[in-house]
**Student:** 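I'd like to ask you about the structure that follows.
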Amino acid sequence: MLTPAENDFLCNTDVGTPMGNLMRRFWIPALLSEELPGPDSDPVRVTLLGEKLIAFRDTDGKVGLVDNYCPHRRASLFFGRNEECGLRCVYHGWKFDVNGDCVDMPSEPAESNFKDKVKITAYPCVEKGDIVWAFMGPADKMAELPHMEWMDVPAENRKIAKLVYECNYIQSIEGEIDTTHAAMLHSRLDSEEKAATATTLGGRYQYKDKAARFFVSEKEHGLLIGARREAEEDSYYWRISRWLYPFYSMIPREPHGTTRLGIWYPMDNENTWVILVLWHKDRPPTDDESREIYACRDLIPGTWYPKQNLSNDYMIDREIQRKETYTGIPTDSGRAQDSAMMETMGKLIDRTHEHLGTSDTAIIAMRKTLTKAARDLEEGIEPYAATHADVYKVRSGGAVLPRDVFFSDDKEVLDDITVA
Ligand code: FES
Ligand SMILES: [Fe+2]
């Protein structure tokens, strides 16, 4: 349970809030590179952390991310002309480059130097791993771009999906690090019966023991989360995932060797941008391994909103619920079942009414760790991970281990169990 004040502290990332300040110490994925397909392509509306912005790619291929509102009389630059290394407001013709400098002001006399005094908010951008990243914090606190394995693999070895969850980003992250739900929410009515012949460790053991024990340790990147379930008489099944500052999760995928990163970052306080990245370090993920990514790409054309959504009750089929699956929400990956739970809690949960149990250990730890980082920043203590890119070079995994072996956070052991 959180008090209203604690909940607001955790969930509110608007300009000037403590959590908003913490988020702005990290690089934010603004949009996919492919959304700005070439020089002088169409400008794109992007809302990040409650700020309405416009992204554009200039004549030289450089990406700009500027305030939506023209500093002259506040017209929207979405309608701007993207021309000759700048975005020109169509109202009176003021033109801005990717750095936010006003480079032309045809509505003022030629001898005026007013143009040199006007700037528009512009955030620095870099492109890496098919994503345009923006830094929205103070210039003298510039972060390092997190160094994750998927950024270094050939493009064909990673697959990316982007969509929107219509709820606060903390709800989205909590849904991700809560592994306990998989044995219920994502199950079929015969999952337990078929467990003995399942080909994945999750399929074999997560239905047998629905009350995983959680072991959470704080790391430089965030949290390492071990969920332990009964396996055979002499062994446990360990499912090992991570939460990484400030809005990433890494959960294991089977067969091990592919890993999936979730990026759950605020569009505003009531909507979350979701980017999922699946990769294999040596080869392209197979179609079977990519099912979740493909399912997440099933969107309303021209939008980032899933076809299965709040407005159609996620296409629940009560007949299927009676006879085949636990939820009756059709899915090829669990995605629609997850968002049905996240979004129908309300856009921003009132956490005074919740009752957390032992299965919520990782969620409680994430809230505490993130809150502490924001409080530390208020005291002048900068977040370590923001300027230490290599702490992000980790994976998730799973293994069946003898009962007397504790899942380890020792790097070598973890490498052993994360690589197929
Ligand atoms: S409002 Fe943009 S140039 Fe006047
Ligand atoms: Fe799920």
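No hydrogens, no waters, no symmetry mates; every other heavy atom, side chains included, goes into these values. Computed from a prediction, not measured in an experiment: that's the story for all the values here. Nothing fancy with the numbering, it's 1 onward along the sequence. Counting starts at 1 for both ligands and their atoms, following the listed order.
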**Student:** Would the distance check show the side chain of Arg24 and the main-chain N or O of Leu49 forming a donor-acceptor pair, the cut-off being under 3.5 Å?
**Tutor:**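 Yes, the answer is positive, given that a donor and an acceptor are paired below the 3.5 Å cut-off.
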
**Student:** Any atoms of ligand 1 less than 4.0 Å from a non-hydrogen atom of Gly93? List them with their elements.
**Tutor:**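 Heavy-atom distances to Gly93 below 4.0 Å select 3 (S).
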
**Student:** Atom 2 (Fe) of ligand 1 and His72: any N/O/S contact shorter than 2.8 Å?
**Tutor:**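 No, since none of the N, O or S atoms of His72 sits under 2.8 Å from atom 2 (Fe) of ligand 1.
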
**Student:** Should you measure from each heavy atom of Ala75, which atoms of ligand 1 turn up under 4.0 Å away?
**Tutor:**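 Per the distance check, 1 (S).
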
**Student:** Asn168 vs Met342, test: side chain to side chain contact (heavy atoms under 4.5 Å, CB included). Steps then yes/no.
**Tutor:** CA-CA 9 Å; Asn168 181 261; Met342 300 306 100; over 6 Å; no

**Student:** Within the distance-only criterion (no hydrogens, no angle test), does the side chain of Asp313 pair as donor or acceptor with the backbone N or O of Met315 below 3.5 angstrom?
**Tutor:**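 Side chain of Asp313 to backbone of Met315, a donor-acceptor pair under 3.5 Å: no, none is there.
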
**Student:** Using a strict 4.0 Å cut-off to heavy atoms of Cys89, name the atoms of ligand 1 that fall inside it.
**Tutor:**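 Checking each atom against Cys89, I get 1 (S), 2 (Fe), 3 (S).
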
**Student:** Can you tell me the protein heavy atom closest to atom 1 (S) of ligand 1 and the distance?
**Tutor:**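 That would be Arg73 N, 3.3 Å.
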
**Student:** Of the backbone and side-chain N, O or S atoms of His92, does one lie nearer to atom 2 (Fe) of ligand 1 than 2.8 Å?
**Tutor:**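 Here the distance criterion (N, O or S atom, under 2.8 Å) is not met by His92, so no.
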
**Student:** Show which atoms of ligand 1 fall inside a sub-4.0 Å distance from at least one heavy-atom site of Tyr91.
**Tutor:**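 So the answer, numbered in order with elements, is 1 (S), 4 (Fe).
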
**Student:** Angle at the Fe ion (ligand 2), NE2 of His186 to NE2 of His181, rounded to 10 degrees, please.
**Tutor:**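 With the Fe ion (ligand 2) as the vertex, the angle is close to 90°.
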
**Student:** Any side-chain donor paired with an acceptor under 3.5 Å for Tyr237 and Glu232?
**Tutor:**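 The answer is no; no qualifying pair exists.
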
**Student:** Tell me whether the guanidinium CZ or amine NZ of Lys162 lies under 6.0 angstrom from the six-membered ring centre of Trp273 and within 45° of its axis.
**Tutor:**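 Yes, cation above the ring, under 6.0 Å and within 45°.
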
**Student:** Pull out every atom of ligand 1 sitting under 4.0 Å from any heavy atom of Trp94, numbered as shown with elements.
**Tutor:**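 Counting from 1, the qualifying ligand atoms are 3 (S).
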
**Student:** Is there a donor-acceptor contact under 3.5 Å from the side chain of Arg88 to the main chain of Gly80?
**Tutor:**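 Side chain of Arg88 to backbone of Gly80: no pair is present.
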
**Student:** Does the side chain to side chain contact (heavy atoms under 4.5 Å, CB included) test come out yes or no for Asn68 and Leu53, once each step is laid out?
**Tutor:** CA-CA 4 Å; Asn68 172 56; Leu53 305 166; 5.8 Å; no

**Student:** Look at Cys70 and state whether any of its N, O or S atoms is less than 2.8 Å from atom 4 (Fe) of ligand 1.
**Tutor:**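 Here the distance criterion (N, O or S atom, under 2.8 Å) is not met by Cys70, so no.
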
**Student:** For Asn7, run the side chain to side chain donor-acceptor pair (under 3.5 Å) check against Glu354, Arg351, Arg367 and tell me which one passes.
**Tutor:**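 Result for side chain to side chain donor-acceptor pair (under 3.5 Å) with Asn7: Arg351.
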
**Student:** Would you mind naming the N, O or S atom of Asp338 nearest to the Fe ion (ligand 2)?
**Tutor:**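 In Asp338, the N, O or S atom with the shortest distance to the Fe ion (ligand 2) is OD1.
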
